[in-house]
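For reference, the structure discussed in these notes is given below.
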Amino acid sequence: MQLTQLEIKGFKSFGDKITINFNDGVTAIVGPNGCGKSNVVDAIRWVLGEQSTRMLRSEKMENIIFNGTNTRKPSNLAEVSLTFDNTRNILPTDYSSVTITRKLYRSGESEYRLNDVQCRLKDITDLFLDTGIGSDSYSIIELKMIDEIIANKDNSRRALFEEASGISKYKLRKKQTFNKLKDAEADLSRVDDLLFEIEKNLKTLENQAKKAERYYRLKDQYKNLSLLLASYKIRSFGNSLSRLEDREQQQLVENSGISTTISNLEALLQKQKLDSLNLEKNLSVQQKATNEFISRIRAYESDKKIKNEQLKFLEDKKSRLSEELEKDRNQLNHIFYNQKRLNEEHLQESEILEKLRSSVNVKHSDLEKLRLKQQKSKGDLDVANRDNMELQNQAYKLEKDIAILNIQKEALYQESSRNVADTQSKESELNEFNKVIAEIQGNLEIKHSELKSAGGAEDELQLQIIRITEQSAEEKELLNQESRRLDSRQNEYNLTKSMVDNLEGFPESIRFLKKNAGWVKQAILFSDILFCKEEYRIAIENYLEPVMNHYVVETQQEAVQAIRLLSEASRGRANFFILDALTAHPQRTAIQSNHASLIPAMDIIDADSKYRPLCEMLLYNVFLIQSGEEEELKSALPAEQIVLLSKSGMFSKTRTGMSGGSVGLFEGKRIGRAKNLEKLFKEIDSLEKTILKLKNSIDEKVSQLNVLKESSQTIQIQQQQLELNRLSNEFTSVKTNRNNTWLLLRTAKTGNKTLS
C-alpha cells in the first residue's frame, strides 16, 4: 500500500485546489519557512479523522477553512482527499485504489466520503486499523511528539509499540466491547424498571384476562352447540331422506325452539355482560380512588375497547347466523334435487344391469365347454412329447460316451510321446539352470563386496560434510553476531562523531568559540580530556556536570581573548580552566582507605599527565561505592572530608549535602568523547578484520562442501544397489524355474512308469 496523491482545497493557507502526486522517488517535501509544509501534514492528519484542534494547531475547527486575504474572499468549504494504491490488497476492500475525502462547511456541517461514497468516520478508522496509518498512529510524527515519546508522556511510547506490533486494534475492539457491555447493563436496569411498572398493573391485567377467558369459554360453548345442531341436521338428512317432507313442519318447529333457546342464551349472556360491565365500573371507581388520573384514563380506555369488541362481535354473530340460515336452506333444496335425480339414474342403471347379467351367463357356459376340450387335447400332446424326449436323450448319451472314449485314447498316446521329449529337454534345461545359478551367485558376491566398500566411503564422506556444515553454521552465526556488533559500534561511532563535530549538548558560547578562527585551535573541553570505563561514566559525569562545559587553556591570556570574542559577538558566557594557575596550587594529601567497597575516583580516570593535576583537584577525596552501602562506610572514613558517588550514578553524597534520582537515557555519553571515538574506531577496524576472516573461512568451507558433494558417489551406490537387487531377483527367478523343472521332470518320469 502506497500513498499516491493528496488533494487540498480551502484548507488553511491553500485557497486554491492543489494536487500533490507522490510518485516513485518522492521522499520529502521541502521549502522555506512559512510556505505550508506543516499544513500538508495537518491536512493528512485531518483527513484521517483528527478531531483535536490542538493537534491541528488551531483554536477551533472552523479556523482550518481558508479565511481569505485582502484580495480574496474567505472560502466556505475545506476539502482534503487522500488516495492510496491498494494493488496488494492490504486494505480490506476490493478496490485497487482507495480515496478518502473529508469536507467541512462554515455552517458546521461535515462529511466523510470513501471512493466518493458518503460514509462514517468509524468506517474509515476500521478500514485503516492495524495498517499503521491513522490520525494518531506512528505514521505521522511531529517534532514535539519526539520529545513526548522520549519522555514517555501519557504512555506515548507504549502506544507507539502497540500500534507497530498490531495489537492496538484488539485494544480498540476490547474498549468497544466494554462499552457495549455497559449499554447492556443500562438496558437491563431499564428492563428492571419496566418489570416493576408492569407488576404494578398486573392485577388489572389479570382481571381483564379472566374476563377474556370467560368470554372465550362462552364462545366455545356456543360453537359446540352450533356444531351439535349441524351434526344433528346432517344425521337426520342421511338416515331419513324419504321422511323429510313429512317432518319438515316438525323440524321448523324444532328450529324455532332452538332459536328461542339461543335467544334466551344470548339474552342471558347479554345480562351477564351487563353485570360484568357494572362490576368493572365499580372496580374502575375503586381504581380511580387509588391510582388517580392515570388509572382513570386506563380504565376508560379499557371499557371503550371492550364495548367496541362486544358490538363488533354481535354484528359479526348476526351476519354469520343469517349466512348460516341461508346456507342451510340452499343445502336442503340441493339435497331434494339430488335425491330425485339419483332415483331416476338408479332405475336406468338397474335395467341395463339385468340385460348385461343375462348376456354374461350365456357367454360363461360356452367358455366352459371350450376350456374342457382344450385341456383334454393338451394332455395327449404332453404324453407324446415326453416319450419322444426320453428316446432322444438316450441316443445322445450313447454317442457322447463313444466320442469321449476315442478322445481319451488319442490323448493318452500323444501324452506318452510328449513326455518322452519333454523329459529330455527338461534335463538339458536343468543343467543350464545350474550353470546360470552358479554364475549369478559369483556376481552377487562381487557386487556385495563392492557395495559394502562404497557404502563405508560414502558414510565417511557424509560425516565429513556434516562436520564442515556444522562448522560453517557456527562461523555464520559468529559472523552475524560480529556483524551486529560492528553495526552497533558503527552507529555509536557515527553518533559520537556527530556529537563531537556538532558539539551537541553544549551551550551556544562553546560552539561559537570552537568554530571561531580568531581563537586558539588547541583549546579543548574538559569533557574531552577525561576517559574511564563504561560502568563508571554516569557517576563521574553526574558529579562533574557543573564543569563539563569548561574550556581547558594554557594561559590566562587565552581565556581573556575568548571572553572578549564572546562579549563582542553577544554569544553568552563560557568558563575556563587555566593550567598555569594550577602549578602554584598546593598539593593536598588524599585520604587513604583499605576498605574493599571504596574505589578512589582517580584510580579509574585516564587522562594525559598535563591534565592530571586538574583532575586531582576536581576529584579530591571522591570515592565510588555500590548503592545502599554508604551507611556501612560511615565509620571507614571521616564523612566531612569525602564525597561518595554511587557506582550506578543514582546518588552523590558531598561534604555538605546529597543529590540523586533516576538516571537519564543519554547520561554518561559526554565524558571522554574524543578518546571514546578513537577506541570505537580501533574496535570497528578490529571487527572488520574479524568479519573478513570469518567470511574467508566460510567461503573456504563452502568450496570444501561443494568439492565433497561433487565427489559423493550416492548415485553410483544407488545404481549398484539397483543392480544388486536385479541380480538377486534374477537369482531367485532362475532358482525357482530350476526347482519347477526338476519337479516336472520327476513327475514325467513317474507318469511314464505308470503308463508302461
Side-chain angles (χ1 to χ4, degrees), residues 1-31 34-58 60-69 72-142 145 163 169:
M1 182 178 66
Q2 181 180 356
L3 175 63
T4 59
Q5 192 179 71
L6 174 65
E7 295 181 1
I8 307 175
K9 179 182 179 183
F11 182 87
K12 287 193 174 183
S13 61
F14 300 101
D16 297 325
K17 181 178 180 180
I18 67 165
T19 302
I20 302 175
N21 295 312
F22 297 93
N23 300 323
D24 293 337
V26 176
T27 58
I29 298 176
V30 298
C35 69
K37 300 189 296 298
S38 299
N39 290 342
V40 172
V41 178
D42 291 342
I44 296 175
R45 185 186 297 277
W46 182 69
V47 74
L48 289 174
E50 181 60 60
Q51 302 297 320
S52 174
T53 56
R54 184 180 63 84
M55 300 301 294
L56 298 174
R57 301 177 297 129
S58 178
K60 51 185 178 179
M61 188 60 73
E62 66 183 21
N63 288 347
I64 67 171
I65 304 175
F66 178 71
N67 203 25
T69 62
R72 293 190 58 175
K73 293 182 179 180
S75 178
N76 293 324
L77 168 68
E79 180 181 357
V80 178
S81 297
L82 202 60
T83 304
F84 292 92
D85 183 15
N86 192 34
T87 54
R88 293 190 294 173
N89 293 328
I90 295 177
L91 296 177
T93 179
D94 297 331
Y95 296 99
S96 60
S97 178
V98 177
T99 301
I100 58 174
T101 305
R102 184 176 181 182
K103 298 180 180 180
L104 177 65
Y105 300 88
R106 284 202 179 272
S107 60
E109 299 176 354
S110 65
E111 65 174 323
Y112 294 89
R113 305 186 73 86
L114 181 61
N115 281 357
D116 207 26
V117 177
Q118 191 168 359
C119 64
R120 305 170 300 172
L121 174 60
K122 186 177 185 298
D123 299 331
I124 295 176
T125 304
D126 293 342
L127 180 66
F128 288 97
L129 197 63
D130 200 29
T131 61
I133 296 176
S135 60
D136 57 349
S137 66
Y138 60 87
S139 60
I140 304 175
I141 298 179
E142 297 180 351
M145 292 177 64
E163 181 67 22
K169 66 176 182 179

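Only this structure's heavy atoms are used, side chains among them; waters, hydrogens and symmetry mates stay out. Because the structure is predicted, anything quoted here is derived from the model rather than measured.
Within 6.0 Å of NZ in K12 there are more than 12 heavy atoms belonging to other residues, nucleotides or ligands.
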Discussion item. Quick one, D24 with Q2, criterion side-chain contact (heavy atoms from CB on, under 4.5 Å). Give me CA distance, side-chain angles, the key distance, then yes/no.
Written reply: CA-CA 10 Å; D24 293 337; Q2 181 180 356; 3.6 Å; yes
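The two atoms that bring I64 and M61 nearest to each other are CG1-O, 3.0 Å, heavy atoms only. Residues N86 and V98 approach most closely at CB-CG2, 4.1 Å, considering heavy atoms.
Distance check, rounded to the nearest 0.5 Å: CZ of F66 to CD1 of I8 gives 13.5 Å. Atom OG1 of T53 is separated from atom NZ of K60 by 11.0 Å, given to the nearest 0.5 angstrom. For the atom pair S97 OG and D85 CG, the distance stands at 6.5 Å (nearest 0.5 Å). Atom-to-atom distance recorded for I44:CD1 and L6:CG is 5.0 Å, nearest 0.5 angstrom. Atoms CG and CD1, on L114 and I124 in that order, are 6.0 Å from each other to the nearest 0.5 Å. Rounding to the nearest 0.5 Å gives a distance of 5.0 Å between CD1 of I100 and CG of L82.
Proximity of a side-chain donor or acceptor of E50 to a complementary backbone N or O of S52 within less than 3.5 Å is detected. Although no hydrogens or angles enter the test, the distance criterion places no donor-acceptor pair under 3.5 Å between the side chain of N63 and the main chain of S58. Between the side chain of R102 and the backbone N or O of A78 there is no donor-acceptor pair closer than 3.5 Å.
Shown here are the side chain to side chain contact (heavy atoms under 4.5 Å, CB included) partners of K73, two or more places apart in sequence or in another chain: there are none. Applying the side chain to side chain contact (heavy atoms under 4.5 Å, CB included) test to T101 and every residue at least two apart in sequence or in another chain returns E79, S81, T99, K103, R113. By the side chain to side chain donor-acceptor pair (under 3.5 Å) test, K37 pairs with no residue at all, sequence neighbours left out. The side chain to side chain donor-acceptor pair (under 3.5 Å) check on N39 picks up S13, R57, with sequence neighbours excluded.
Between R45 and D42 there is no salt bridge, since none of the side-chain N atoms of the basic residue sits less than 4.0 Å from a carboxylate O of the acidic one.
Proximity of F11 to L104: side-chain heavy atoms (C-beta onward) are nowhere separated by under 4.5 Å.
Sorted by first and then second residue, the ring pair (Phe, Tyr, Trp, His ring centres under 6.0 Å) pairs with a member in residues 84-118 read F84-F128; sequence neighbours excluded.
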Under 3.5 Å, which donor-acceptor pairs link side chains of residues 15-23 to any protein atom two or more places apart or in another chain?
from, atom 1, to, atom 2, distance (Å)
D16, OD1, R72, NH1, 3.0
D16, OD1, R72, NH2, 3.0
D16, OD2, R72, NH1, 3.4
N21, OD1, Q5, NE2, 3.0

